[in-house]
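The structure under discussion appears below in the form of structure tokens.
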Amino acid sequence: MTLTFDLGAVEVARLLIGMTLLVDGVGGMIVETEAYERDDPASHSFRGLTKTNGAMFGPPGCAYVYRSYGLHWCFNIVTRNHGAVLLRALAPEHERTIMEVRRGSTRHLCDGPGRLTQALGLSKIHDALPLDGAPFTFVAKAVTPEIIAGPRIGITKAAERPWRFGLDGSPFLSRPFPTRG
DNA sequence: GGGGCGATCTTCT
DNA sequence: GAAGATCGCCCCT
């Protein structure tokens with residue numbers, strides 16, 4: 001398939017919903033993402049280059065992996081103009097047993113950015129790696145998904161921007177979306 | 001099902 | 001010294 005991440009972060013965040021991501025064959029369908037733009041106080045690229053965010057200033061289509069709250073990892077896809085898309089949840093469909101071993105549980109395998117990276121074995125060593133080759137595999141979606149949008153989670157700056165996207169009705173979301181009217 | 005809290009790294013004030 | 005794109009455990013309901 002032709003796959004480009006050289007688009008705006010919001011556009012990429014929507015495109016990813018329903019696609020399948022595998023890391024060394026482990027993973028599943030992406031059901032929840034968040035967009036972070038360059039001109040976005042909540043984005044790690046907002047304040048410019050630091051020691052840890054260099055991948056966001058590299059080419060689109062690479063990984064940006066950073067440590068969260070000192071002990072978890074979060075996995076992003078770098079997009080156009082120093083934006084990024086945070087992967088927040090997957091449906092744990094492929095190699096589920098491996099994910100259960102890594103997580104030490106049979107539940108909550110990929111519903112949350114820190115849990116997702118643990119289940120897929122992602123860490124600092126994947127930071128800045130291109131996503132169009134090993135160990136990453138992206139599989140196109142078979143159908144057009146119903147996408148729901150809402151405020152991003154766990155941030156205080158620009159919290160009003162509705163840049164969290166999810167597969168409507170999925171049981172694998174990290175949190176429910178605010179109900180629509 | 002949900003609130004409070006501790007763990008621990010990096011940046012910024 | 002504080003805050004942050006988090007999570008698991010404990011306790012309560």
Side-chain angles (χ1 to χ4, degrees), chain A residues 5 8-17 21 23 27 30-58 60 62-92 98-129 131 147-167 169-179:
Chain A
F5 295 118
V10 171
E11 191 172 355
V12 172
R14 298 184 66 99
L15 283 173
L16 285 168
I17 300 296
L21 167 63
V23 180
I30 298 167
V31 300
E32 187 180 336
T33 60
E34 281 181 358
Y36 289 86
E37 297 280 11
R38 173 75 168 100
D39 178 21
D40 177 356
S43 173
H44 286 183
S45 62
F46 183 74
R47 292 178 178 276
L49 183 65
T50 68
K51 186 180 178 182
T52 53
N53 71 359
M56 283 194 77
F57 292 89
C62 290
Y64 166 46
V65 182
Y66 71 92
R67 206 186 266 288
S68 172
Y69 289 91
L71 60 161
H72 306 292
W73 298 103
C74 287
F75 177 74
N76 299 250
I77 292 171
V78 178
T79 63
R80 178 178 292 181
N81 190 30
H82 312 313
V85 175
L86 171 68
L87 266 58
R88 289 194 54 90
L90 301 181
I98 294 177
M99 294 190 249
E100 291 178 353
V101 171
R102 288 172 175 164
R103 292 274 303 119
S105 170
T106 56
R107 304 187 327 179
H108 295 296
L109 297 179
C110 297
D111 52 339
R115 293 164 175 161
L116 184 156
T117 54
Q118 188 180 23
L120 269 56
L122 292 165
S123 71
K124 186 69 178 175
I125 65 172
H126 299 96
D127 186 43
L129 286 186
L131 298 173
I147 297 177
I148 188 169
R152 294 175 290 183
I153 292 178
I155 61 171
T156 56
K157 301 167 196 151
E160 76 288 351
R161 301 189 191 188
W163 288 352
R164 175 185 176 225
F165 302 98
L167 179 64
S170 170
F172 301 109
L173 299 173
S174 67
R175 293 198 57 181
F177 280 75
T179 52

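Residue numbers begin at 1 in each chain, while the letters A, B, ... track the order of the sequences.
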Euclidean distance, atom CE of residue A/M56 to atom P of B/dT11 [Å, nearest integer]: 15 Å
Row check, A/F46 ring normal vs A/R38 NZ/CZ: under 6.0 Å, within 45°: no
A/R102 CZ: over 12 foreign heavy atoms closer than 6.0 Å: yes
A/R88 vs C/dT6: side-chain N/O to OP1/OP2 distance below 4.0 Å: yes
Electrostatic pair A/D127:A/R67 at N-O distance under 4.0 angstrom: no
For atom CG of A/L71 and atom P of C/dA5, their distance in whole Å: 15 Å
Output field: ring centroids A/F75/A/H126 closer than 6.0 Å: no
Short side-chain N/O contact to C/dT6 OP1/OP2 from A/R67, under 4.0 Å: no
A/H108 or A/I153, whichever maps to the more 5' nucleotide of DNA chain C: A/I153
Distance between C1' atoms of C/dG8 and B/dT10 (Å, rounded): 22 Å
Rounded distance in Å - CZ (A/R175) to C1' (B/dG1): 11 Å
All salt bridge (charged side-chain N to carboxylate O under 4.0 Å, His left out) counterparts of A/E100, not counting sequence neighbours: A/R96
Nearest-Å distance for atom pair NZ/C1', residues A/K157 and B/dT11: 10 Å
Distance in angstrom units between A/R102 CZ and C/dC7 P, rounded: 17 Å
Which nucleotide in B/dT13, C/dA5, B/dT11 has an atom nearest any side-chain atom of A/T52: B/dT11
Opposite nucleotide pairing with B/dC9, Watson-Crick or G-U, both atom distances under 3.5 Å: C/dG4
Listed nucleotide nearest any side-chain atom of A/Y69, set C/dG4, B/dT10, C/dC7: C/dG4
More than 12 heavy atoms of other groups within 6.0 Å of A/D39 CG: no
Whole-Å distance separating the CG atom of A/L116 from the P atom of C/dG8: 12 Å
Presence of A/T156 side-chain N/O under 4.0 Å of C/dA3 phosphate oxygens OP1/OP2: no
Distance below 4.0 Å between A/R47 side-chain N/O and B/dT13 OP1 or OP2: yes
Distance below 4.0 Å between A/S43 side-chain N/O and C/dA5 OP1 or OP2: no
Touch class at under 4.0 angstrom, heavy-atom based, for A/R103 against every strand present: sugar-phosphate
Donor-acceptor pair present, A/Y66 side chain and C/dA5 base, under 3.5 Å: yes
Nearest-Å distance for atom pair CG/C1', residues A/L49 and B/dT11: 13 Å
Phosphate OP1/OP2 of C/dA5: any A/R164 side-chain N/O under 4.0 Å: no
Separation of atom NE2 in A/H44 from atom C1' in B/dC12, rounded to whole Å: 13 Å
